[in-house]
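To keep things clear, I will list the structure first and then write my remarks on it.
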Number of protein chains: 2
Amino acid sequence: MDENTALVAFGALSNATRLKIVRLLVEAGPDGLPAGDVAKAAGASPSRASFHLAGLANAGLVTADRQARTIFYRVSFEQLGALMAFVLNDCCKGHPIVQACCGQATASC
Amino acid sequence: MDENTALVAFGALSNATRLKIVRLLVEAGPDGLPAGDVAKAAGASPSRASFHLAGLANAGLVTADRQARTIFYRVSFEQLGALMAFVLNDCCKGHPIVQACCGQATASC
DNA sequence: ACCTTAATTCAAGAATCGTTGAAATAAAAG
DNA sequence: CTTTTATTTCAACGATTCTTGAATTAAGGT
């Protein structure tokens, strides 16, 4: 992941509505969720949800595909993983403290 | 790490100058760098560097301590690690693809 | 064709963020 | 106590982002 992509991704994750959407899509699993369901579950108007989904898609953190009239959004674990790798390896030079936090959930983080 | 802290941290990392500062401080090692050196190395005016350092400090991503007239800034690997853990465990529920990206630098991320 | 549902786009205004340069604080030295 | 150095704070302005509601595109059913 290049730096500019990381900057856009960080920006995308820095908003409460968008972070909530990411979590919803993580919960939703591999089939994803229709935009309308995302809006409802996030407590946002359709246009607001669409705006934020577009931001996440622009950052590569979610993908969209249309099935008939409904557009399904899915989270991109690959891109989230790439962002993690960017922080760990590019930013932190693989620093052991940061590395340790990514091990088991039992780590002291 | 709670959600709000994570939001602030993501916002802090979403700016090119601030990300550059984080990298400088990672390079600088445990002694950190004086604010003036950060400004010079980042190619920013003192007030601009101070503004961005304050943003990073507010997010807990850097710490400051004064030694005589100069203020040394250090990166907080703990907070960066906590942010990684937040993404991995809170947001992604420990999803294996994300987990894999945090392993060795040889991972396919 | 017409209607309905799903979602996006647009425009306007509000809110937040970033930059600049000048002024203020902090600490030490002469 | 004045000066110098290090850094922050402040105010103004420009730029970006967010929200809202109305209009628009997209797709399918009647």
Side-chain angles (χ1 to χ4, degrees), chain A residues 3-25 28 31-76, chain B residues 3-25 28 31-76:
Chain A
E3 173 168 325
N4 214 66
T5 304
L7 287 171
V8 173
F10 285 134
L13 294 174
S14 71
N15 172 277
T17 301
R18 285 192 296 265
L19 190 57
K20 187 168 192 176
I21 289 175
V22 167
R23 285 173 140 150
L24 284 167
L25 294 179
D31 290 345
L33 276 184
D37 291 12
V38 170
K40 220 167 293 173
S45 70
S47 85
R48 194 165 146 236
S50 184
F51 171 78
H52 287 303
L53 280 166
L56 288 166
N58 179 246
L61 293 169
V62 307
T63 58
D65 84 305
R66 169 159 243 147
Q67 279 174 31
R69 266 182 303 190
T70 91
I71 298 178
F72 285 81
Y73 281 91
R74 281 183 241 75
V75 68
S76 169
Chain B
E3 173 168 325
N4 214 65
T5 305
L7 286 171
V8 173
F10 285 135
L13 294 174
S14 71
N15 172 278
T17 300
R18 285 191 297 265
L19 190 56
K20 187 169 192 175
I21 290 175
V22 168
R23 287 176 139 149
L24 284 168
L25 294 179
D31 291 344
L33 276 184
D37 291 12
V38 170
K40 219 167 293 172
S45 69
S47 87
R48 195 166 146 236
S50 184
F51 170 77
H52 288 302
L53 281 166
L56 288 166
N58 179 246
L61 293 169
V62 307
T63 57
D65 83 305
R66 169 158 243 147
Q67 278 175 32
R69 265 180 303 191
T70 90
I71 298 179
F72 285 80
Y73 281 92
R74 282 184 239 73
V75 68
S76 168

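All chains are named by letter (A, B, ...) in the order of the sequence lines, taking the proteins before the strands, and each is independently numbered beginning at 1. Computed over heavy atoms, backbone and side chain alike; hydrogens, waters and symmetry mates excluded.
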Inset, instruction - Taking S14(A) for its side chain and G11(A) for its backbone only, find out whether a donor-acceptor pair lies under 3.5 Å. - result: yes

Legend entry - DNA chain D: 5'-proximal contact among A54(B) and S47(A) (nearest heavy atom): A54(B)

Inset, instruction - Round to the nearest Å and state the distance from F10(B) atom CZ to dT17(D) atom C1'. - result: 18 Å

Legend entry - For atom NE2 of H52(A) and atom C1' of dT19(D), their distance in whole Å: 8 Å

Legend entry - Side-chain N,O (N15(B)) to OP1/OP2 (dG18(C)) below 4.0 Å: yes

Inset, instruction - Report the nucleotide, chosen from dT9(C), dC18(D), dA6(D), that has the shortest atom-to-atom distance to any side-chain atom of R18(A). - result: dC18(D)

Inset, instruction - Any chance you could lay out the side-chain contact (heavy atoms from CB on, under 4.5 Å) test for F72(A) and D65(A), step after step, and finish with the verdict? - result: CA-CA 5 Å; F72(A) 285 81; D65(A) 84 305; 4.0 Å; yes

Legend entry - First of R66(A) and S14(A) reached from the 5' end of DNA chain D, by closest nucleotide: S14(A)

Inset, instruction - Mind calculating the distance between CZ (F72(A)) and P (dA6(C)) to the nearest angstrom? - result: 11 Å

Legend entry - Spacing of F51(B) atom CZ relative to dT8(D) atom C1', expressed in whole Å: 13 Å

Inset, instruction - Measure from CG on N58(B) to P on dC17(C) and round the result to the nearest Å. - result: 10 Å

Inset, instruction - Please state how far atom CG in L33(B) lies from atom P in dT7(D), giving the value in whole angstrom units. - result: 10 Å

Legend entry - Residue mapping more 5' on DNA chain C - nearest nucleotide basis, D37(A) or S45(B): D37(A)

Inset, instruction - For T70(B), report the nucleic acid contact type (base, sugar-phosphate, nothing); a contact means any heavy atom under 4.0 Å. - result: sugar-phosphate

Legend entry - dT8(C) OP1/OP2 closer than 4.0 Å to side-chain N/O of Y73(A): yes

Legend entry - N/O (side chain, R48(B)) to phosphate O (OP1/OP2, dT19(C)) under 4.0 Å: yes

